[in-house]
Structure formats: C-alpha cells, structure tokens
Amino acid sequence: MTTTVPRRRRPGTGVDAPGRAAVGARTLRTDRWWLPPLATAVGLLAFLVYGGFRAFQRQYFFADERYLTPFYSPCVSLGCAAEPGSAHFGMFLPDNPLIPYAALSLPFLLGFRLTCYYYRKAYYRSFWLAPAACAVPEPHATYTGETRFPLILQNVHRYFFYVALLVSAINTYDAIVAFHHPTDGFVVGVGNLVLLVNVALLWCYTVSCHSCRHVMGGRLAHFSKHPVRYRLWTWVSALNTRHMLFAWVTLATLVLTDLYVALVAAGTLTDLRLIG
Amino acid sequence: MTETERHEYDVLVVGAGGAGLRAAIEARERGLRVAIVCKSLFGKAHTVMAEGGCAAAMGNVNENDSWQVHFRDTMRGGKFLNSWRMAELHAKEAPDRVWELESWGALFDRTEDGRIHQRNFGGHTYPRLAHVGDRTGLEIIRTLQQRIVALQQEDHAATGDYEARLRVFAECTVTELLRSDDGAIAGAFGYWRESGRFVVFSAPAVVLATGGIGKSFQVTSNSWEYTGDGHALALRAGAELVDMEFVQFHPTGMVWPPSVKGILVTEGVRGDGGVLKDSDGDRFMFGYVPAVFTGQYAESEDEADRWYDDQENNRRTPDLLPRDEVARAINTEVKEGRGSVHGGVLLDIASRMPAEEIRRRLPSMYHQFRELADVDITAEPMEVGPTCHYVMGGIDVDPDTGASGVPGLFAAGECAGGIHGSNRLGGNSLSDLLVFGRRAGLGAAGYVERLEGRPAARAEDVDAAAATALAPFDRGEAAGENPYALHADLQRSMNDLVGIIRTEAEMTAALTRLGELRERLRDVVVDGHRQYNPGWHLALDLRNMLVVGEAVATSALTRTESRGGHTRDDHPTLDPQWRHRVLRCRRRSGPQDDDPAVPPVAVEVAERDPMRADLLALFDLAELEKYYTPAELSSHPQGGSDG
Amino acid sequence: MGDTRAFRVWRGDAAGGSLVDFEVEVDEGEVVLDVVHRLQATQAPDLAVRWNCKAGKCGSCSAEIDGRPRLMCMTRMSALDIGAPVTITPMRAFPVIRDLVTDVSFNDAKAREIRSFTPPPDLAPGEYRMSQVDVERSQEFRRCIECFLCQDTCHVVRDHEENKGAFAGPRFLMRVAELEMHPLDVADRVAVVQDEHGLGRCNITKCCTEVCPEGIKITDNALIPMKERVADRKYDPLVWLGRTIRRRGA
C-alpha cells in the first residue's frame, strides 16, 4: 500500500471545516455530475430567450382568425385590435412596446414557475450552484436559504397557483373558441389539436403543483374524515410525482404551440383542416 | 493502571435492543438513574431486523384469541420445555406492552375499525402479530428510542440536563461485570470503542440485554454484535445458563453471493407457493415427511399444488413442514450432492406464478434479491440454505423479575433463557423483549430500592479486567494469531460440528477444536492502537464466543434426544424422559480450571419445575401424553394415571 | 478468488489523514462492505468502520463511495466503474473519529430538540383508534433507518458548518412532519419548525431524497408539505387577515 495524498489539514469551511476528514479534493465524484445542471441552465435560458422575444414581438400571435397563442392570452392590449377576434376579454392596456399584450397573465405565469417547488430546485442547482449536484460543494461563503427577503417570498407560491388556475381556464377557453371560424363556422385543424394538447398538459402541470396538493387535502390531519378531499389528494399526489416532467414538457409544448401559431400566422405554414 | 473514566448509576443496562431499552425506560420511570451501554450507535440494535411482527393476543382480528390460546401455542412451539411461568406472563402481558407502544407514538398497520391489525404466522392459532409491513422491529426500536428521548426531555425541563437520569453510552463495550466481596453486582468494566479508554460503571444492579450468539456460527442471519456477550458475562460472574443446546436454524437463508450469506428469506415465499427443489429440479421435500407427520402433508405434487387454493380438501405441501424438519432436509440434500452450485438448494417461485404477482406479494424479497444478489426472483430460482437465527437458551432468570442467581444481575430478551423452550415461534421474540424487558427493569428497580448499602467493586477486579482487555496488545515475540482468522475457524467449527444436525462424534471433535482455539486465543495479537480498532474489539469478543460455543457444544452433547432446535442424528426422536430435565451451564471452578479470560464450562442435568395445575389443565390430556411421562400427568383434571 | 481491484480508502483522524491505496481481491456478487472487511482481515486489521446488519436495515455503514453518500452494504461492486479505483471516505459533513467512522452526535442533539409525540391527555393505551389512510403518511417517514446520509449530503450543513446550530437537517425536519401528520398528536410544531428547526433554510434541492436508501420521498412528502403548513401559518396574508379579524372581534 502506498500513500498518494500528503497528510494535511486545510483550515476552512464546509467539507474542509476543522474536525472533518481532511480528504483534500472538494468532491470525489467521478460521474459527470455537472451535466444535469448545465442542461437545465441551457434549457431554461433557451426558453427565457424565446419567450421574452415572443412576448414583446407583438406580431404573429393570431392565426387563421381563431388560433391565439398562449403567450398572448388573454390579449388585453389596445394593440390586439390589429388581429380582430384575438381579444376575448376586452382591450384596455396601452399599446406600448414595453408592455406585452398579455401583460395581465404573463407576470403571474412567470411567478408561478419561478416560485414552483420544482423550478426552485432546478435554478438553485443550475444557476446558484447551491448545490450544483449532491455532495458537490457550493461556492458561497454563507447561506441562509429561503429565510430572508427576497427568497422568503417563495412562500407565496399558492397565490400564483390560484392565478395560474384562472389563466389555465382562459387558455382552455381559447382552445375551445378556436374551433369556431368567423366565416367557416365549426372547423377542426391541426392547430386545434396543438392547442388542446398544450392546454391539457398545462392543466397537468398546474394541478400537479405542491401547493395544490396541500390545498386539496395535504393540510388535513385526518383523511378518513374527508373522503372526497382524500380522493382528490390521492389524484393530485399521483400527478405530483410527475411535476418535474410536466414542468419541462409544458415548456416545450408552450414553445411548440406558439411556434405553430406564429408560423401559420406568418404564412410559412398552412394549417391543415381536418374537418370543415 | 491506565486512565479510567468512572460513572455511578442505580441501574446499568447492557444492550440497547428492545429488551434493554424497555428495561431502561421502566427503571427510569421508577425514579432511578439509569445508564444504557451499547456496542453500536443508539437505535441500531439487531431488533431492527425483526420483520414479521410482535405476537400479542389482543383479539383485534379474531376475537376468539386470548392469553390462554397464546400460552398454549407458545408451549407447543417450544415442545413443552418452556418456562411455563414466563410463557404465562408473556401471553398475559404482551397486549399491554403493544398498546403502550402506541401511546409512545408507534404506528402499527390498522384494521378497518382503526385498531391494530394482526397477521397470521406459523404456530399461532389466530392472527396475532401486530406489525408494520415487514419492518416491525424497526418500528419498535424507534419507538423505544423516541420514548427515551421524551424522558430525557422531561429531565431536561426539570434539571436543565438531558442526561440527568437516563444516559446512553453508545459504542461502549462491557467486558466484565464487577462484584463486591460478598458476590453481589457492583458495576461493570468496559471500554469506549471510539477512544479505547476504559470506563468503570458503579451500579448495584445490571440488566443484561445483549441478544444472541449467532456470530459464533459461519452462516447466520445475525449481526457482528451477536457474540454472546451477556451469556458470557453472566457465566463469568457466576450465573447459570439454561437450554444452551437449543439453537434455531432458519431453513431458508441466502447462500449466494458470499456477501449476503445467511440473510433471511422469509417463510412467506413458501407460504405463497414457492417450492424447494434439488439440483435435478425434483421437489425433494416429499421424501422427508417424518413418521410423526405422516398423513398430515400432501403426498403428491398435484395435491400440494391444489392446497394453495383449496385448503379444506387437500393437505399442505411438505415444503411447509416445521423449520427444523425443512432445515434438516436441505442439509441432507446438500450433503448427498444434490445441492445447488453454491451449496444450497433451489427455492423456486418464478415458475409458479406470474412475475407481476410475485412482485406484488413479495416486494421486499424481490428487492432484496435484486439489490443484493442481482437475482430476479421472478425469472430464476433463489439459492437458499439453513442459517443460524436465534438461541433459545440463555441466562437462567426468575420469570417475574428477571433476576439471575447473582444478586443484582438481571437479564431479558434473547440472552435470557426459558420462555421459548426448545423452539421459538415467529413473532414471540418482539413480545418477549417488551414483556421481560419491562419486568427486568422493574426487578432491578425493586432490588435497588430494597438495598441497604451499595456494593463496592473490588479494586483488583478492575485492574484484572484492564489487564485482560489490554493483553492482545502486548503478547510476546512468539505470539501472532490473527483475530479474524481465529474467528473464522471458530465459526467453521461451530457451523460444521455443532450446527443443525449433531452427532456425538462431531461434538466431541468440536470440543477438542474449541480447546485448541482457547489455546490460540492466548496468542492473539492486534495491530495498531486502542482508538476505534476493530481487530482489538474482535479479539475481546472472541472470549465470549468461545465460552458460549463451549456451553452450546457441551449441552448438545449431553442431551441425547432430538427436540426443536436440537437435532441429534444419533438420537433422532423425542424422549419424554428428557422433557422434564434442564441442562444448566456454569463456570467450572477449581484451581486448575481457572482461566479468567475463558473459564471452562460445566454442564449439570437438573429437574424442571412442574407446570402449575391450572395451566396444565389448559391442555388436552391426549396432547400432553405425547410429551410427558405418565407420572407427571397425575395432577391433570382429566385424570392422568400414575401407571 | 475473483479479480483484483484498486481501492483508495481514507485513513486518519481529526488531526489529518489521507487516501491510502490498496489492491484487494473482489469476489463475484460482493458489496463494498465485503471488500472493507477483507481489507480488515488481510491488510489493515485496525481499519475503523461502523457496520451492523449488512442488509440495509440498520443504517450504520454510511460512507461516501466515489464521492457519493451511500450505504457500503448496499453498494454492489458490479455497479461501480470497473476501470477506476474505488474511493471510500467517511461522511464529510460530520467530524471524523477515525478512518471511515464519524461522530454523528449532531443528530442526537437535533433529535432531542423536537417536541416528542404528545397524545391526547385523556386517551388510555388500548383505546387508540386510527385509520390506515391516516397513518400511512407518517409510516413512510418511520421507515427511516437513521443512516444520516440525508444529513450528510444536505449542503445547508455540509457546506456551512455555521448552520448546524440553526438547522435540524432533513431527517429531523421529516420527524417533525411525521409528528404533525400523526393522526393523534396534539402538539403544534408548525411555528417552531420554521423558527427553531430551520425549515426555511431548506431550498428543496432534493439531495436528501436522492441519497435515501429507503426511497423515502423526503422532499415531496415531508419538507414541502411542512413548508406549505408554515405558509398557512406565517406567510398567507388571507389567513393572517382572517386570524387578525377574529382576534379583534373576540
């Protein structure tokens, strides 16, 4: 046997704190532990760039006089008048390049996802590196978690959830009215299916939320006294185990749905009519 | 001699499994200052390994259950060798002990009406085992551990010190009991595993709750802690051991890979349809139904297979014969060359039911084989063989108080003998811990309260204990025995020669080998220093394993019959003349015999106490006649005759 | 005997230490703990290691294998990279005692700070009635074998020694959840779990769940539900308003 690392003890913090085993290396993980946080960061950034661009583009958000992209729903800016039929809930926000047409919903949707228990994990790991991966030391000198402003605000997640429910209802309404063409009447195109799939997955993401699980029944001490809420809790719990999956899938379907609407609106793509 | 730490307590509990913790709680609740000393960390004791459940006649699932039925089942399981008073107390008090756990936070599985659910188990007439899935032992140890924390919180509120009246000395090993000049317990000597520093406990009462002896055997389901410490400590202090010949071998332990050899494969596999096969694929158990069971078990594979679905019109498969019968059959198959590649037999459930069904019914077994053996039990058979599981024998104690023959020395749990007779029923171990743990705690508390003066340990005993403990460090030049090698040899000898099937010749050979090992132990030398040195720890534990090995081998050699956990190839049947006899082990004393490290063991044949008439009357005379001599049954109300 | 594999085992104590190289024979089907035992029996008889049941049920043999917190008895050699040496170090969030053994008394101290199970005062033993659906949540947490791998991996204390006073760690935050979800417990630990046991420091990065050998969903089923209960109590303006109005009215 041979000794390969010199005996030493580095004074320091964390795994180098006095009294702990002086291993030397910050981490001895041999797998590619940096890959998942990197992929997460790339994925989230890509979405933010695309979403940010589209939210402020103010073009190509309504196609075939009936498909409204979720990025512009509800369309409440005076600018929505450019696409007749796109505004289902009135137009009252000023048409200003700094105000997205869906300025009423987008901040809440962003807030819903920012305070989401899954996304918190995702960006704490990939952007804050706290920690980047399990048993890999984080770079920060101090750490207080979610005990102080601003991170203490993560506790209001449930309110974003309530608004998100409302927005999901609006998205559902959008998807339903899209079956009605102003001149052709009831029609079904590929775009309808795209909107439907998107809204169904949005519901899955919204309802599988941890706050929803708590509200439905998690807060109860005795399930046996509330059989209906227990049933609801059981369903939400089953969905909740896939919350991360829905978080990523809905990012993808949002982008794909929006892209589809944009491409049809721009005339790049023709929406295939299945019925009517 | 060397620097020594000293502590004073009213009651010292050695062992932090179910029995030890329950004893400590009781003594503390009686207002005494209590120390718990354990070799491992707090909450790691072997009790966590218990899976099935805790037997208690609560009658939650079948209201016909009662303490009388439980008592009868226990006595039958032990082939009427049990201490009937212990079996009585056990059956009567187990329900209270289980309910008490609930009030301390335990969460057992529930019945429809919200009471504790109880499951069926081998040998129990009614569903009787309170359980939490297949991790009942963990639930019990955690509940007791948390109860101790709760008591410490009370003490903290009252005194500002969590450890004012109840302290756990974790990773601390007791190597010797200390006595006063008149032979009463005065405390104990031990060492901190972490630092190797010595500790002297001064305490007028010591409760031994150290568990079993499985680590003396090569193939065992027991952990390293099971080195028979309590048995050996008591013996060296002058107490007696009883029934040491009765060691339970579970027929199905894992045999491959080596890393998991001995780990239990639950009886549930066979209960659910798994069958034992030899290397040719033959279901060999049909050839092993003994004469006493003729007619009670299926005689063809077809009938056996029908039994799973229709138990009214078919006889059960011989795969479900009592544990000792199955273990013996497997042993014979392997010896005669029909074993599996790794020296076991095949337990096949894969070909018996769909994969989905296996995963649903046996989730933990599926997980265990997949994780530890890389075997998919839904696709291939398991390899299994007998594994040393439990010792029925132990320290001879007063049933009501747990007091041994040495004043101030008490014992409870697996290290105490008597309650299980020649064979323990599954589920009776957890209830044993709770019932007799509490009683030993009470007994010790009562003893301390009645005591007029505190016995003082003899200073020379402390010095001698320290010298014995340090001996492996300073052997002469010639010495050089490796404790690990010695341990392996001991395990092999016990496994091969005093194992599941015994003969006079083999046990005589075993005693010779044990004598050689005793000589080699004098030359055991350990490397390194005293700080957390496992080689040293093993060297000291070996003393205990050797004493226990000798007690088992000598007792087994003396009892010339087969009964429960003692099977003699040369005396294959049950002998009523042996039922009323008990083998008592004590340290041999005499100038030439006095090896203070490993005292030689003397075995004496004595008579058992006859069962109290009202308890005897709980049994049918016809049943008793299979076990008792006619003379013993004269007091039975059905009119046993003297002739 | 099987193949020879290279191992690097940390040996030392609080004063210092190093990774020491060993060549050890490894048999088919063995786990890391088997190899450590072979090391003890053949090359390093005084190698300190803590273990008990060797079946993943007692939680004693916690260590870090190739940098990841794991039970040595449940880490099969065949699951590790065959080309590289296997490193074994003690848990790195706790003070080391010697070799692979650490001082885990931090956990005992934390266990004592949590208010124990508190049954209704008028309920006698034997009278407890609980539904299976009501005990199942707490039963999941009671599967915990106290290996303390979650405490070891949690960056709140692993990377910040100074947080040890203010943070109970996943195992004991889960213990609070277990008691809060116990159908018959009457004590209230919701405010203290945030203020004294440090639930707010948890940033739900789920390493505790990742390392749990029992597969307990610590984050989703214990920590987040407790965060939601704390939000009910402390951070929900509507609940706060309702409580204030009720107090004024009274």
Side-chain angles (χ1 to χ4, degrees), chain A residues 1-9 13-15 17-25 27-31 33 117 120-121 124-125 128 130-131 133-138 140 142-148 151-152 155-158 210-211 213-215 218-219 221-224 230 240-241 243, chain C residues 8 10 12 14-22 43-44 64 66-69 81 84 87 89-90 92-96 102 131 133-134 152-153 155-156 158-163 181 183 198 200-207 210-211 217 219-220 224-225 227-232 234-236:
Chain A
M1 79 182 84
T2 53
T3 299
T4 55
V5 178
R7 290 172 74 92
R8 61 177 169 169
R9 173 161 136 212
T13 57
V15 289
R20 301 201 199 175
V23 173
T27 179
L28 289 168
R29 280 186 67 161
T30 51
D31 56 333
W33 55 264
Y117 286 100
R120 274 145 79 178
K121 172 201 167 189
Y124 286 142
R125 279 197 183 199
W128 259 260
C134 302
V136 172
E138 60 178 65
H140 312 285
T142 60
Y143 173 89
T144 54
E146 300 180 338
T147 57
R148 296 184 190 173
L151 291 182
I152 199 164
N155 286 302
V156 300
H157 182 52
R158 58 185 57 186
H210 291 84
S211 286
R213 187 176 181 224
H214 175 71
V215 170
R219 63 195 303 171
H222 298 94
F223 286 145
S224 54
Y230 173 59
N240 180 258
T241 58
H243 197 48
Chain C
R8 311 182 73 205
W10 193 86
S18 59
L19 289 167
V20 179
D21 288 340
F22 294 96
Q43 302 180 41
E64 298 190 11
D66 284 342
R68 309 180 78 150
D81 182 7
T87 43
T89 69
R92 295 179 70 183
F94 304 119
V96 69
T102 51
S131 292
V133 293
D134 291 340
D152 176 49
T153 198
H155 68 113
V156 179
R158 183 184 177 91
D159 294 336
H160 301 280
E161 184 73 24
E162 70 280 6
N163 279 341
M181 294 177 191
R201 277 166 210 268
C202 164
N203 68 345
I204 51 172
T205 36
K206 284 202 170 173
C207 285
E210 260 180 48
V211 301
K217 301 278 179 267
T219 317
D220 284 319
I224 293 176
K227 277 185 176 259
E228 285 293 313
R229 285 172 188 228
V230 168
D232 272 350
K234 295 174 71 99
Y235 305 113
D236 192 322

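Computed from a prediction, not measured in an experiment: that's the story for all the values here.
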Using every non-hydrogen atom in the two residues, find where [X] and [Y] come nearest and quote the distance to one decimal.
{"X": "C:H160", "Y": "A:T142", "value": "CE1-C, 3.7 Å"}
{"X": "C:D236", "Y": "A:R158", "value": "OD2-NH1, 2.9 Å"}
{"X": "C:K206", "Y": "A:R125", "value": "C-NH2, 4.0 Å"}
{"X": "C:C202", "Y": "A:E146", "value": "O-OE1, 3.8 Å"}

### Message
In terms of relative ring orientation, are C:H155 and A:Y143 parallel, tilted or perpendicular, with 30° and 60° separating the classes?
### Response
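Perpendicular.
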
### Task
Go through the side-chain N and O atoms of A:H214 and C:D232 and say whether any donor and acceptor fall under 3.5 Å apart.
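A pair is found: one side chain offers a donor N or O, the other an acceptor, under 3.5 Å apart.
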
### Top contributor to chain C interface from A:A133, A:G145, A:G14 [non-hydrogen pairs under 4.5 Å]
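If we count pairs closer than 4.5 Å to chain C, A:G14 comes out on top.
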
### Query
Pick from A:K121, A:H157, A:H140, A:H243: which one has the most heavy-atom pairs with chain C under 4.5 Å?
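Winner by heavy-atom pair count: A:K121.
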
Pairwise distance [atom1]([X]) to [atom2]([Y]) - rounded to 0.5 angstrom:
{"X": "C:R92", "Y": "A:L28", "atom1": "CZ", "atom2": "CG", "result": "5.5 Å"}
{"X": "A:R120", "Y": "C:I224", "atom1": "CZ", "atom2": "CD1", "result": "7.5 Å"}
{"X": "A:T27", "Y": "C:D66", "atom1": "OG1", "atom2": "CG", "result": "10.0 Å"}

### Contacts of C:C207 that satisfy disulfide (SG to SG under 2.5 Å) - sequence neighbours left out
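Counting only residues at least two positions away or on another chain, C:C207 forms a disulfide (SG to SG under 2.5 Å) with A:C134.
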
#### Entry: Part of C:P183 within contact of chain A (heavy atom distance under 4.5 Å)
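Looking at C:P183, backbone and side chain both touch chain A.
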
### Message
So for C:T89, is it side chain, backbone, both, or neither that comes closer than 4.5 Å to the heavy atoms of chain A?
### Response
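Contact with chain A: side chain only.
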
Quick one: what part of [X] sits under 4.5 Å from any heavy atom of chain C, side chain, backbone, both or neither?
{"X": "A:A221", "answer": "backbone"}
{"X": "A:R148", "answer": "neither"}
{"X": "A:L151", "answer": "neither"}
{"X": "A:V136", "answer": "backbone"}

### 4.5 Å side-chain heavy-atom contact, C:T219 and A:Y117
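Not in contact.
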
### Query
Just wondering, do C:E161 and A:T13 contact through their side chains at under 4.5 Å, heavy atoms?
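Counting from C-beta outward, A:T13 and C:E161 never come under 4.5 Å.
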
### Task
Kindly indicate, with the supporting measurements, whether the criterion side chain to side chain contact (heavy atoms under 4.5 Å, CB included) is fulfilled by C:R158 and A:V15.
CA-CA 6 Å; C:R158 183 184 177 91; A:V15 289; 3.8 Å; yes

### Message
Quick one, A:N155 with C:K234, criterion side chain to side chain contact (heavy atoms under 4.5 Å, CB included). Give me CA distance, side-chain angles, the key distance, then yes/no.
### Response
CA-CA 9 Å; A:N155 286 302; C:K234 295 174 71 99; over 6 Å; no

### Message
Below 4.5 Å, heavy-atom pairs only: which of C:P95, C:P69, C:A84 has the largest tally toward chain A?
### Response
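Option with the top pair count is C:P95.
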
### Message
For chain A, which candidate among C:I204, C:V211, C:T153 shows the most heavy-atom pairs at distances under 4.5 Å?
### Response
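That would be C:I204.
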
Salt bridge present between [X] and [Y] (N-O < 4.0 angstrom):
{"X": "A:R219", "Y": "C:E228", "value": "no"}
{"X": "A:D31", "Y": "C:R68", "value": "yes"}
{"X": "A:R20", "Y": "C:E64", "value": "no"}

### Query
Checking side chain to side chain contact (heavy atoms under 4.5 Å, CB included) for the pair C:D81/A:T30: CA distance, chi angles, key distance, verdict?
CA-CA 9 Å; C:D81 182 7; A:T30 51; 5.7 Å; no

### Message
For A:A130, is there any backbone N or O sitting under 3.5 Å from a side-chain donor or acceptor partner on C:N203?
### Response
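Present.
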
### Query
Which residues pass the side-chain contact (heavy atoms from CB on, under 4.5 Å) test with A:S224, sequence neighbours left out?
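Checked A:S224 against side-chain contact (heavy atoms from CB on, under 4.5 Å); matches are A:H222, C:S131, C:V133, C:D134.
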
### Task
Apply the test side chain to side chain contact (heavy atoms under 4.5 Å, CB included) to residues C:R201 and A:T144: give CA-CA distance (whole Å), side-chain angles for both, the deciding distance (0.1 Å), then the verdict.
CA-CA 6 Å; C:R201 277 166 210 268; A:T144 54; 4.2 Å; yes

